[in-house]
Amino acid sequence: MTTKSAIRLLVVEEEQVGTVAADVVLSALPSRQPRIGVATGATPLTLYWELGRRVASGAIDLRESTLVALDEYVGLGQWNPRSFAAYVRDVIAEPLHVAKGRVLVPDGLASDPDRAADAFEEAIATIGGIDVQIAGLGTNGHIGFNEPGSALDSSSRTVELTEQTRRDNARFFGDRLSDVPTQAITQGLGTISRARSIVLVVKGVAKARALQAAVHGPVTPDVPASVLQRHPAVTVIADREAAGELRPREEHHE
Ligand code: GLP
């Protein structure tokens, strides 16, 4: 049986990704106490800057939001500038005026990472789940740190990072591969799938094949992001380079 994927695809110029993504995220948020899942990495930066600009101008107020990280490196804590906890605090929470108590990040310094992952999954359930999950795409098709082979219904857990992912992320570690942690705690594919809506932002030619496989390929653990095809409310915002391998008839040009 083949089910038609409901993924909404917006292909825009690179400079428009942040503003278009901000519009999509804001339109999907409930008016009161939104719970926003936040990816880290380079791709969503312009989205967070745009949200910060709108907050600064008084156009929107996100103070009542709860921010939920997608993942964290095992071994890095919030005072390490390379941790995702630091990214969420400095790049997202601070400009959006979200208080520390409203930010959930897996504890990368926990002595028992598996327990920390369980506690993170539980904390997400306790706040009532995520309204909008912002996600990026790995060159190998991962979302969060759900590497190829991840169960499509997986929960938050400790994972081993692939060599490719560690190489891709070495740029955030002064290009020293040996400094890139080998493990992470990530929201699972099941966790991500429980978000009410999902906004995937993808830029650059290095992601083009992974995006094609995620959107049009078979739904398989080999391409973790392909699980998005089963979700009823996914919007993909891609720049032209990332969209380069997609079938043109599927594109919706803004
Ligand atoms: C990383 C992170 C993801 C991120 C993705 C893409 O490894 N775990 O959360 O979305 O890979 O990162 P970037 O946007 O920097 O290419």
Side-chain angles (χ1 to χ4, degrees), residues 14 17-18 21 25 36-50 67-76 80-88 90-92 103-106 108 113 117 120 124 130 132-150 154 156-175 177 179-189 191-193 195 198-211 213-215 223-228 234-239 241-243:
E14 201 266 338
V17 169
V25 167
I36 313 173
V38 287
T40 54
T43 314
L45 275 175
T46 55
L47 159 60
Y48 301 135
W49 293 339
E50 178 63 22
L67 303 176
V68 184
L70 246 190
D71 43 21
E72 178 61 287
Y73 290 110
V74 168
L76 304 193
N80 185 317
R82 283 149 182 168
S83 71
F84 292 162
Y87 180 118
V88 173
D90 300 343
V91 178
I92 315 173
V103 178
L104 284 179
V105 183
F120 180 61
I124 295 173
I130 293 169
V132 177
Q133 176 64 60
I134 298 162
L137 183 66
T139 57
N140 63 0
H142 75 221
I143 41 174
F145 271 134
N146 292 281
E147 300 283 35
S150 295
S154 49
S156 299
R157 67 203 187 287
T158 311
V159 293
E160 299 290 327
L161 300 179
T162 61
E163 171 96 4
Q164 183 178 340
T165 293
R166 293 180 63 241
R167 283 191 188 285
D168 286 346
N169 286 345
R171 67 192 194 279
F172 300 115
F173 291 81
D175 282 327
L177 182 61
D179 285 0
V180 184
T182 57
Q183 291 187 316
I185 297 171
T186 184
Q187 282 190 37
L189 295 175
T191 320
I192 294 168
S193 298
I198 299 172
V199 177
L200 183 74
V201 278
V202 194
K203 287 192 213 180
V205 68
K207 307 281 179 74
R209 287 181 62 176
L211 184 59
V215 173
V223 182
S226 65
V227 75
L228 300 178
V234 176
T235 302
V236 174
I237 298 144
D239 73 359
E241 287 196 345

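Atoms within a ligand are numbered from 1 in the order they appear, just like the ligands themselves. The figures here come from the full heavy-atom set of this structure, side chains too, leaving out hydrogens, waters and symmetry mates.
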Task: Atoms in ligand 1 flagged as close to Phe172, the criterion being non-hydrogen separation under 4.0 Å - done: 15 (O)
Task: Close-contact set for ligand 1 against Asn169 heavy atoms, below 4.0 Å - done: 1 (C), 7 (O)
Open item on the list: If the contact criterion is a heavy-atom separation under 4.0 Å, does Leu137 count as touching ligand 1?
Closed with: yes
- [ ] Would you indicate which of Ala69, Pro44, Gly41 comes nearest to atom 12 (O) of ligand 1 when only heavy atoms are counted?
- [x] Gly41
TODO: Over all heavy atoms of both residues, which pair between Phe172 and Ala42 is shortest? Give the atoms and the distance, please.
DONE: CZ-N, 3.9 Å
Open item on the list: So for Arg166, does at least one of its heavy atoms come nearer than 4.0 angstrom to any atom of ligand 1?
Closed with: no
Open item on the list: Restricting to salt bridge (Lys or Arg N to Asp or Glu O under 4.0 Å), what partner residues turn up for Glu241, sequence neighbours left out?
Closed with: none
Task: Location of contacts on Thr43 toward ligand 1, heavy atoms closer than 4.0 Å - done: both
- [ ] Spell out, as yes or no, whether a donor-acceptor pair under 3.5 Å connects the side chain of Gln187 to the backbone of Ala69.
- [x] yes
TODO: Applying salt bridge (Lys or Arg N to Asp or Glu O under 4.0 Å), name anything that partners Lys203, two or more places apart in sequence or on another chain.
DONE: Glu14
TODO: Would you mind telling me if ligand 1 is within reach of the side chain of Arg171, the backbone, both or neither, using heavy atoms under 4.0 Å?
DONE: side chain
TODO: Output yes when a side-chain donor or acceptor of Arg82 lies under 3.5 Å from a complementary backbone atom of Leu76, and no otherwise.
DONE: no
TODO: Check ligand 1 against Gly136 and write out every atom of the ligand that is under 4.0 Å from a heavy-atom position of the residue.
DONE: 10 (O)
TODO: With heavy atoms under 4.0 Å as the rule, classify the contact between Lys203 and ligand 1 as side chain, backbone, both or neither.
DONE: neither
Task: Proximity winner for atom 3 (C) of ligand 1, if only heavy atoms of Gly144, Ala42, Gly138 are counted - done: Gly144
Open item on the list: Donor-acceptor pair, distance only, cut-off 3.5 Å: does the side chain of Arg157 make one with the backbone of Ser154?
Closed with: no
